[in-house]
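Taking it in order: structure first as structure tokens, then the write-up.
Chain naming here is simple, since letters A, B, ... match the order of the sequence lines and numbering starts at 1 in each.
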Number of protein chains: 2
Amino acid sequence: MSGGYILVVDDEPAICDMIQTCLEMAGFRVRLAANGSLAHQMIINERPDLVLLDWMMPMLSGIELTRRLKRDELTADLPVIMLTARTDEDDRINGLDAGADDYVVKPFSPRELVARVKAVLRRSTTAMSDAPLAAGKIALNREAQTATLNGEALPLGPLEYRLLEFLMLHPNRVFSRSQLLDRVWGGNVYIDERTVDVHIRRLRKNLSPEQQDKMIQTVRGAGYRFSPPEGAEE
Amino acid sequence: MSGGYILVVDDEPAICDMIQTCLEMAGFRVRLAANGSLAHQMIINERPDLVLLDWMMPMLSGIELTRRLKRDELTADLPVIMLTARTDEDDRINGLDAGADDYVVKPFSPRELVARVKAVLRRSTTAMSDAPLAAGKIALNREAQTATLNGEALPLGPLEYRLLEFLMLHPNRVFSRSQLLDRVWGGNVYIDERTVDVHIRRLRKNLSPEQQDKMIQTVRGAGYRFSPPEGAEE
DNA sequence: CATCCTTTTCACAAAAATGTCACAATTAGA
DNA sequence: TCTAATTGTGACATTTTTGTGAAAAGGATG
């Protein structure tokens with residue numbers, strides 16, 4: 001934990017304070033931002049190691065800021081943890097397909113917060129940092145919401161695209177069907193989990209009409225995972 | 001909701017009943033315990049997926065039971081949701097401090113209860129499984145749910161993987177077959193204990209097709225144990 | 001309202017994982 | 001050494017999970 005710092009973005013001073021204390025006791029350096037725009041400035045000015053972001057904020061909301069960060073190449077790989085209030089439970093997860101790496105539900109125990117921060121940091125430093133989202137021959141154009149294979153546009157439906165994008169944002173990580181429903185579908189509980197299978201299938205088919213690349217792998221009993229073919233990065 | 005069940009601990013039968021109904025309608029299996037000591041017994045006997053715990057109880061209080069659970073390695077990661085009657089801030093803090101994962105304030109709506117249970121279950125299954133785990137030449141990638149030997153992925157079935165993960169999580173400790181059935185199989189009582197043998201065998205075979213490393217040792221009359229080869233640990 | 005596109009559900013096929021069994025091998029103790 | 005208990009082993013049947021195609025259900029657009 002040498003160079004960087006953790007940026008905490010929340011409009012409630014009490015929460016900020018509490019979080020700051022927790023993290024500093026765990027040995028992190030912390031800076032605070034009271035709103036999204038300010039945070040955005042700070043991030044551009046001096047890139048933090050991680051952003052802890054309240055979802056509900058006046059002005060530039062957490063979800064919006066996340067979207068913005070993830071769209072910019074320079075900040076796309078910046079780890080983001082979202083803080084969601086317990087009353088937001090029903091529509092809580094919507095922010096996650098914006099690209100957040102994890103979320104913590106308030107109220108949270110200090111232990112949990114720190115554990116999550118460490119986990120996300122570990123993940124992001126060791127594993128991946130792929131700002132322009134690409135793997136193998138497949139590249140995503142996040143502005144246009146399209147995917148290209150060797151330059152050729154792939155015929156993906158909206159859901160297929162979101163699914164692919166989400167999986168590519170978290171390579172090599174297994175997601176259960178219910179997690180995918182949460183994060184790609186937006187937390188609609190009333191959808192049959194098997195629906196995920198069907199879309200995975202379509203996605204696979206559209207990704208490689210002829211050859212079955214095994215970029216999207218099935219993990220029996222667990223869910224699905226995206227693994228970039230070989231060398232792939234940046 | 002496959003193997004496990006949710007343990008509801010409350011001394012008021014009416015509350016118990018109400019909770020049980022809610023959860024069962026949501027598809028969970030439920031068992032009841034009228035007091036803390038009884039609950040403790042049940043937990044040790046057959047591990048639940050989650051414990052719903054009344055804060056105020058005669059004898060072994062909720063907070064005390066939580067502390068006790070969190071102290072034992074085997075039950076430390078058991079998710080606990082506390083039911084608290086007051087809206088007192090102190091209570092919540094204490095509860096979270098003791099290691100509870102969340103709390104619900106009475107009176108609560110059935111929907112909230114179920115939502116909270118689901119949320120905690122989801123969290124507990126995904127979030128905490130992140131520490132890198134390695135011993136000898138074998139390393140687990142817990143996000144990807146894979147085991148690698150010298151970098152090569154090992155062909156483990158889901159159960160084999162879980163078994164290995166569990167054993168590696170508690171190195172050098174002997175587990176009886178019934179303990180393993182509890183922890184790895186999810187407490188399904190109707191399985192022949194010998195089944196464990198078979199899976200241990202498969203795991204061993206897949207771990208080292210040629211040479212029998214003796215990482216997984218048999219302790220006659222007692223069970224099995226995982227011992228890391230030599231120096232190894234993270 | 002008709003039509004097109006997307007998404008969900010359903011039924012069945014295919015594949016893989018799991019539990020059980022019979023029997024072989026090993027161990028411990030008399 | 002012999003015997004009984006315990007564990008290893010391979011095969012097999014069953015159950016569970018996933019793949020697949022097509023039809024139904026929504027939803028937007030004109």
**Request:** Starting at the 5' end of nucleotides 20-28 of chain C, put B wherever the base has a protein heavy atom under 4.0 Å, S where only the sugar-phosphate does, and a dash everywhere else.
**Result:** BB----BB-
**Request:** Answer whether the closest heavy-atom distance between the side chains of B:Val196 and B:Tyr224 falls below 4.5 Å.
**Result:** yes
**Message:** Tell me the interatomic distance from A:Leu156, atom CG, to C:dT6, atom P, rounded to whole angstroms.
**Reply:** 11 Å
**Message:** Please report the distance, rounded to the nearest Å, between CG in A:Asp197 and C1' in D:dG21.
**Reply:** 14 Å
**Euclidean distance, atom CG of residue B:Asn206 to atom C1' of C:dT18 [Å, nearest integer]** = 14 Å
**Prompt:** A:Lys205 has an atom NZ; how far is it from atom P of C:dT6, in whole Å?
**Reply:** 14 Å
**Rounded distance (Å) that lies between atom C1' of D:dG19 and atom NZ of A:Lys214** = 18 Å
**Prompt:** OP1 or OP2 of C:dG19 sitting under 4.0 Å from any side-chain N/O of B:Trp185?
**Reply:** yes
**Prompt:** Taking side chain as C-beta onward, heavy atoms only, is B:Arg68 less than 4.5 Å from B:Asp72?
**Reply:** no
**Prompt:** When you measure from the side chain of A:Arg201, which nucleotide among D:dG8, D:dT20, C:dT18 comes out closest?
**Reply:** D:dT20
**Request:** For A:Glu160, check side-chain hydrogen bond (donor to acceptor under 3.5 Å, both in side chains) against everything at least two apart and list the hits.
**Result:** A:Asn206
**Asked** Checking all strands, does B:Tyr161 fall into the base, sugar-phosphate, or nothing category for heavy-atom contacts under 4.0 angstrom?
**Response** nothing
**Request:** In whole angstrom, give the distance that lies between atom CD1 of B:Ile200 and atom P of D:dT6.
**Result:** 18 Å
**Request:** Report the residue from B:Val9, B:Leu113, B:Asp10 that forms a side-chain contact (heavy atoms from CB on, under 4.5 Å) with B:Leu52.
**Result:** B:Leu113
**Item:** Non-hydrogen side-chain atoms of A:Tyr161 and A:Leu154 separated by less than 4.5 Å
**Value:** no
**Request:** Establish, with yes or no, whether the OP1 or OP2 oxygen of D:dG19 is under 4.0 angstrom from a side-chain nitrogen or oxygen of A:Arg204.
**Result:** yes
**Asked** Within this structure, what is the OH-to-P distance between A:Tyr224 and D:dT17, rounded to whole angstrom?
**Response** 13 Å
**Request:** Using side-chain hydrogen bond (donor to acceptor under 3.5 Å, both in side chains) as the criterion, list what pairs up with A:Gln217, not counting sequence neighbours.
**Result:** A:Arg225, A:Ser227
**Message:** Which nucleotide wins on minimum distance to the side chain of B:Arg162, given the candidates D:dT18, C:dT18, C:dT7?
**Reply:** C:dT18
**Request:** Examine B:Arg183 relative to B:Phe166 and say whether NZ or CZ is less than 6.0 Å from the centre of the six-membered ring and inside a 45° cone about the ring axis.
**Result:** no
**Request:** Nearest whole angstrom, please: distance from the P of C:dT18 to the CG of B:Leu163.
**Result:** 10 Å
**Asked** If you check the B:Leu159 side chain, which of C:dT18, D:dT7, D:dG19 turns out closest?
**Response** C:dT18
